[in-house]
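Proteins get letters first, then strands, A, B, ... in listed order; numbering begins at 1 in each. Please read these numbers as outputs of a predicted model, since none were measured by experiment.
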Amino acid sequence: MAAAETPAPTNFIRNIIDEHNKNGRFDGRVVTRFPPEPNGYLHIGHAKSICLNFGLARDYQGRCHLRFDDTNPAKEEQEYIDSIMDDVRWLGFDWGEHLYYASNYFDQLYEFALKLIRGGKAYVDDLSAEEIRAHRGTLTEPGKDSPYRGRSVEENLELFTGMKDGQFPDGSRVLRAKIDMAHPNLVMRDPTLYRIRRVIHHRTGDKWCIYPMYDFTHCISDSIEQITHSICTLEFEDNRALYDWVLNQLEVYHPQQIEFARLNLEFAVMSKRKLLELVKDGHVDGWDDPRMLTIRGMRRRGFTPASVRLFCERIGVGKKESWIDMYWLEKAVRDDLNPKVPRVMGVLDPIKVVLTNYPEDQEEFFEAPFFPDDPPAMGSRKVPFCRELLVERDDFMEVPAKKFWRLAPGREVRLRWAYFITCDEVIKDADGNIVELRCTYDPATKGGDAPDGRKVKGTLHWVSARHGVPATVRLYDRLFTVPNPDADKTRDYKEFLNPESRVDMPGAVLEPVLAEAEPDTRYQFERKGYFYVDPADSAPGKPVFNRIVTLRDSWAKIVEAAKREAAAQARAAKKKKKQQKNKG
RNA sequence: UGGCCCGUCGUCUAACGGCAGGACGUCAGCCUUUGGAGCUGAUUAUCUAGGUUCGAAUCCUGGCGGGCCAGCCA
């Protein structure tokens with residue numbers, strides 16, 4: 001396997017773990033966790049975190065827990081829990097028996113809150129949400145103490161118990177940590193620990209009407225589970241001070257929080273809000289639309305788990321906010337699929353070719369290997385051939401451009417596995433559109449080699465017009481037309497949606513073997529790209545193909561470079577003209 | 001006139017005071033019945049100004065640039 005996942009290169013987190021292992025801080029244990037909130041579907045950004053946490057556990061012979069951070073019942077649902085578990089498994093990771101829910105710790109969390117109160121480190125505040133905000137101060141000014149900050153331990157105990165017992169209306173009181181309202185780190189200005197909220201929790205039902213906040217829950221959950229390295233994204237850097245404060249006050253086992261830079265991918269959006277909006281407003285066909293970089297979308301597109309893992313390994317882990325070019329994702333799928341999938345032929349946008357010197361009633365079958373780089377590896381199939389063929393419309397140019405090696409009037413090319421053909425005549429309709437190419441074949445070149453040793457520059461894929469099977473083929477491309485749809489704050493990211501992100505090819509015709517293609521299998525359509533047989537939309541004998549990714553296309557690069565040069569020349573000419581005008 | 005974090009080839013990422021390395025891209029060549037794949041070679045970087053040191057990408061200070069923080073979200 002050429003795309004085998006090489007041992008992950010070192011990174012700053014591994015260095016920290018190595019250091020801990022050396023100084024014995026965690027007795028050589030490595031226990032990580034992936035802690036999603038079940039309020040949405042997983043996306044490629046989560047995949048980075050999953051690969052990191054589970055990868056570390058694997059490489060250090062430790063373990064990684066899957067823990068649902070379900071402390072906000074207003075937003076969370078069982079459906080998300082199920083899909084998250086399914087996606088993590090699909091990615092190839094296994095949490096064994098280590099499946100946890102923060103909600104399982106609600107009793108312990110409550111006891112810890114009591115302990116904080118008894119130690120004079122937390123108090124019940126009657127201020128409203130707006131008042132608390134007003135008291136918090138600003139980035140440059142200190143906050144003010146709440147008038148309720150000085151309550152006695154007894155009063156706090158009574159009030160907090162009352163909160164739990166449902167004696168107070170939603171939002172009327174909160175439990176706050178007593179730290180420092182003048183702290184330069186705003187997270188430390190007496191953060192809220194518990195709020196009253198009468199919402200049915202998807203796991204605990206109506207048992208609780210108070211729910212703990214993230215900062216209080218997460219560190220204690222990590223501590224309970226004996227996590228060693230609690231890895232999260234950069235925006236939690238400020239929260240680490242509180243993470244440490246809570247565990248220090250409680251005098252319990254204390255993991256190390258480490259922050260890394262989240263994934264930013266060009267030509268995509270990642271926020272849950274935007275993903276949801278794309279689905280709700282119908283810009284895509286659901287959470288599993290192949291254009292979505294949700295795990296479900298990528299699965300539907302045809303990405304393999306190995307390709308996603310390969311991508312995550314290659315982009316690395318650091319603390320620098322960087323934008324990853326979509327090329328890395330595309331490259332990872334190609335590299336993973338290249339040695340694994342069979343080659344076949346399909347014409348996506350056909351133009352008819354008639355071989356004038358090939359007998360009308362004759363047909364023959366060519367034996368074509370599924371994997372030409374190593375023919376025995378995947379066997380072969382028979383490809384039918386006859387007088388009427390289909391080739392790709394853009395494999396012909398009436399006036400061939402520079403460096404265009406394909407079919408053109410008078411030009412000889414090879415039809416893969418078949419014969420050399422030469423174009424003699426171009427047939428057009430009344431509007432001047434090319435509708436047919438008249439060609440002659442050279443019987444001596446059967447199989448694709450000329451006995452006289454003459455060479456052709458181009459090899460074309462093709463399909464027999466008589467035997468080919470029409471099929472549904474969808475071409476998918478990046479969802480946005482610009483690298484960062486969010487960059488311009490004066491414009492909505494949806495303005496940059498790529499209208500050609502999904503292009504259906506109604507005229508596509510494939511070689512006959514593909515009629516029986518099994519759902520959930522992948523092929524390389526030679527010269528066109530990698531395709532996936534859509535598991536949801538395919539029917540027996542009627543496969544639907546999603547393009548996963550194109551092949552690397554150096555001809556497209558030549559075309560693009562030519563365009564760029566032409567534009568540059570036009571600019572230069574214009575400038576020169578202007579200068580001359582100014583002189584004169 | 002707040003706190004915290006981050007600045008290394010085009011891109012991503014190594015180098016924990018000792019020769020700035022790898023991958024991808026790019027360019028050139030080879031090979032090729034996929035303009036795919038493969039092979040060979042070349043190419044390019046420490047934000048900036050000081051300081052410490054025999055020696056600084058690394059430590060210190062200032063500047064510049066970027067990110068995060070004022071939810072009873074996570």
**Q** Regarding A:Gln256 and A:Arg25, do their side chains bring together a donor and an acceptor under 3.5 Å, going by distance alone?
**A**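 There is such a pair between these side chains.
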**Q** Among the nucleotides B:G67, B:C73, B:U26, which one has an atom lying closest to any side-chain atom of A:Asn72?
**A**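 That would be B:C73.
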**Q** Could you work out which one of B:U34, B:C73, B:A15 sits closest to the side chain of A:Leu551?
**A**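 Among the listed nucleotides, the one closest to the side chain of A:Leu551 is B:U34.
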**Q** Mind telling me whether B:G71 is syn or anti, cutoff 90° either side of 0?
**A**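 You should classify B:G71 as syn.
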**Q** Pick base, sugar-phosphate or nothing for A:Ile324, based on heavy-atom distances below 4.0 Å to the nucleic acid.
**A**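 Contact class for A:Ile324: sugar-phosphate only.
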**Q** How long is the line joining CG of A:Asn15 and P of B:A15, in whole Å?
**A**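 Going from CG in A:Asn15 over to P in B:A15 covers 5 Å.
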**Q** Rounding to an integer number of Å, can you tell me how far A:Leu234 CG sits from B:G7 P?
**A**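 Answer to the nearest Å: 10 Å.
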**Q** Please report the distance, rounded to the nearest Å, between NZ in A:Lys320 and P in B:C4.
**A**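 Spelled out: NZ on A:Lys320 to P on B:C4 is 22 Å.
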**Q** Expressed as a whole number of Å, how far does the C1' atom of B:G17 sit from that of B:U11?
**A**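 Taking atom C1' in both B:G17 and B:U11, they lie 29 Å apart.
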**Q** Are A:Glu237 and A:Lys319 within salt-bridge range, i.e. N to O under 4.0 Å?
**A**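 Yes.
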**Q** Can you see if the side chain of A:Arg133 gets near the phosphate of B:G71 - specifically, an N or O under 4.0 Å from OP1 or OP2?
**A**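 Yes, such a contact exists.
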**Q** Counting only side-chain heavy atoms from C-beta out, which of B:C73, B:G67, B:C72 sits nearest to A:Glu237?
**A**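 For A:Glu237, the side-chain atoms sit closest to B:G67.
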**Q** Can you tell me if A:Arg189 touches the phosphate of B:G2, counting only side-chain N or O atoms and a distance under 4.0 Å to OP1 or OP2?
**A**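 So the side chain of A:Arg189 is outside the cut-off, no N or O lying under 4.0 Å from OP1 or OP2 of B:G2.
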**Q** Could you tell me whether the phosphate oxygens of B:A14, OP1 or OP2, come under 4.0 Å of any side-chain nitrogen or oxygen in A:Arg314?
**A**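 So the side-chain polar atoms of A:Arg314 never come under 4.0 Å of the phosphate oxygens OP1 or OP2 of B:A14.
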**Q** Between A:Arg343 and B:A37, does any side-chain N or O lie under 4.0 Å from OP1 or OP2?
**A**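 Checking B:A37 against A:Arg343, no side-chain N or O comes under 4.0 Å of OP1 or OP2.
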**Q** Rounded to whole angstrom, note down the C1' distance from B:U44 over to B:G25.
**A**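 B:U44 and B:G25 have their C1' atoms separated by 11 Å.
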**Q** Testing A:Tyr110, A:Phe112, A:Tyr123 for ring-ring contact (aromatic ring centres under 6.0 Å, His included) with A:Phe160, which one passes?
**A**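 Passing option: A:Tyr110.
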**Q** Is there a side-chain polar atom (N or O) of A:Arg334 under 4.0 Å from OP1 or OP2 of B:G36?
**A**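 No.
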**Q** Indicate whether the side chain of A:Tyr101 and that of A:Asp69 have a donor and an acceptor atom separated by less than 3.5 Å.
**A**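 No pair is found: no donor N or O on one side chain lies under 3.5 Å from an acceptor on the other.
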**Q** I want to check one thing: is the phosphate of B:A74, taken as OP1 and OP2, less than 4.0 Å away from some side-chain N or O of A:Arg195?
**A**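 Yes.
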**Q** Distance check, C1' atoms only: B:G71 and B:C60, in whole angstrom units.
**A**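 Per the computed distance, 39 Å lies between those C1' atoms.
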**Q** Hey, does the side-chain of A:Asp553 have a donor or acceptor N/O within less than 3.5 Å of a partner on the base of B:G36?
**A**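 Donor-acceptor pair under 3.5 Å: no.
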**Q** Measure from the side-chain heavy atoms of A:Thr140 and tell me the nearest of B:G2, B:G35, B:C72.
**A**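 The answer is B:G2.
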**Q** Mapping A:Lys331 and A:Thr445 onto RNA chain B by nearest heavy atom, which one lands closer to the 5' end?
**A**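 Counting from the 5' end, the first nearest nucleotide belongs to A:Lys331.
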**Q** Ignoring hydrogens and angles, state whether a donor on the side chain of A:Gln524 or A:Tyr530 is under 3.5 Å from an acceptor on the partner side chain.
**A**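 Indeed, the side chains of A:Gln524 and A:Tyr530 share at least one donor-acceptor pair under 3.5 Å.
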**Q** What nucleic acid atoms does A:Arg414 come within less than 4.0 Å of, heavy atoms only: base, sugar-phosphate, or nothing?
**A**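 The answer is base, as A:Arg414 lies within the cut-off (heavy atoms under 4.0 Å) of a base atom.
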**Q** Rounding to an integer number of angstrom, what distance separates B:C24 and B:G65 when you compare their C1' atoms?
**A**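 Looking at atom C1' only, B:C24 and B:G65 are 26 Å apart.
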**Q** Considering Watson-Crick and G-U wobble pairs with both distances under 3.5 Å, what does B:C68 pair with?
**A**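 B:C68 is paired with B:G3.
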**Q** Rounded to whole angstroms, how far apart are CZ on A:Phe311 and C1' on B:U11?
**A**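 To the nearest whole Å, that distance equals 12 Å.
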**Q** Expressed as a whole number of Å, how far does the C1' atom of B:U58 sit from that of B:U52?
**A**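 Comparing C1' positions in B:U58 and B:U52 gives a spacing of 13 Å.
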**Q** Check A:Phe216, A:Trp208, A:Tyr214 against A:Pro212 for a side-chain contact (heavy atoms from CB on, under 4.5 Å) and give me the one that passes.
**A**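 Of A:Phe216, A:Trp208, A:Tyr214, side-chain contact (heavy atoms from CB on, under 4.5 Å) with A:Pro212 is met by A:Phe216 alone.
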**Q** Which nucleotide in the list B:G36, B:C73, B:G25 gets nearest to the side chain of A:Ser554?
**A**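 From the listed options, B:G36 comes nearest.
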**Q** Among B:C69, B:C72, B:A37, find the nucleotide with the atom closest to the side chain of A:Asp373.
**A**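 My answer, after comparing the listed nucleotides, is B:A37.
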**Q** State which of B:G35, B:U26, B:A70 makes the closest approach to the side chain of A:Lys557.
**A**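 Comparing B:G35, B:U26, B:A70 against the side chain of A:Lys557, the answer is B:U26.
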**Q** Just N and O in the side chain of A:Ser128: are any of them under 4.0 Å from OP1 or OP2 of B:C72?
**A**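 For B:C72, OP1/OP2 do not have a side-chain N/O of A:Ser128 under 4.0 Å.
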**Q** Tell me which of A:Trp328 and A:Pro372 sits closer to the 5' end of RNA chain B, going by the nucleotide each one is nearest to.
**A**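 Counting from the 5' end, the first nearest nucleotide belongs to A:Trp328.
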**Q** Assign A:Thr217 to base, sugar-phosphate, or nothing according to its heavy-atom contacts below 4.0 angstrom with the strands shown.
**A**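 Since no nucleic acid heavy atom lies under 4.0 Å of A:Thr217, the category is nothing.
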**Q** Using the C1' atoms only, state how far B:U8 lies from B:A14, rounded to an integer number of Å.
**A**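 About 10 Å, rounded to a whole number of Å.
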**Q** Please give the distance between the C1' atoms of B:C59 and B:G22 as a whole number of Å.
**A**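 Their C1' atoms lie roughly 26 Å apart.
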**Q** Mark yes or no for a side-chain to base donor-acceptor pair under 3.5 Å between A:Arg406 and B:G35, with no hydrogen or angle criteria applied.
**A**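 Flag set: donor-acceptor pair detected.
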**Q** How close or far is atom C1' of B:G25 from atom CH2 of A:Trp323, stated in whole angstroms?
**A**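 Atom-to-atom, A:Trp323 to B:G25, this comes out as 20 Å.
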**Q** What I want to find out is whether A:Arg33 reaches A:Glu225 closely enough, with some N-O distance under 4.0 Å, to be called a salt bridge.
**A**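 Answer for the salt bridge query: no.
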**Q** Rounded to the nearest angstrom, tell me the gap between atom CD1 in A:Ile315 and atom C1' in B:G25.
**A**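 A:Ile315 atom CD1 is separated from B:G25 atom C1' by 17 Å.
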**Q** Once you round it to whole Å, what is the distance between P of B:C73 and CG of A:Leu193?
**A**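 Rounding to the nearest Å, CG of A:Leu193 and P of B:C73 are 13 Å apart.
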**Q** Do we see A:Tyr327 stacking on the base of B:G25, given a limit of 5.5 Å between centres and 30° between planes?
**A**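 Not stacked by the 5.5 Å and 30° rule.
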**Q** For this output row, return yes or no: ring centroids of A:Phe365 and A:Phe385 closer than 6.0 angstrom.
**A**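 Judged by ring-centre distance (under 6.0 Å), A:Phe365 and A:Phe385 do not meet the cut-off.
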**Q** Would you please confirm or rule out a distance under 4.0 Å between OP1 or OP2 of B:G2 and any side-chain N or O of A:Thr138?
**A**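 Indeed not, no polar side-chain atom of A:Thr138 lies that close.
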**Q** Taking the same atom, C1', in B:C5 and in B:U43, what whole-Å distance lies between them?
**A**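 It works out to 34 Å between them.
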**Q** When you measure from the side chain of A:Asp238, which nucleotide among B:C4, B:C12, B:A70 comes out closest?
**A**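 Minimum distance to the A:Asp238 side chain belongs to B:C4.
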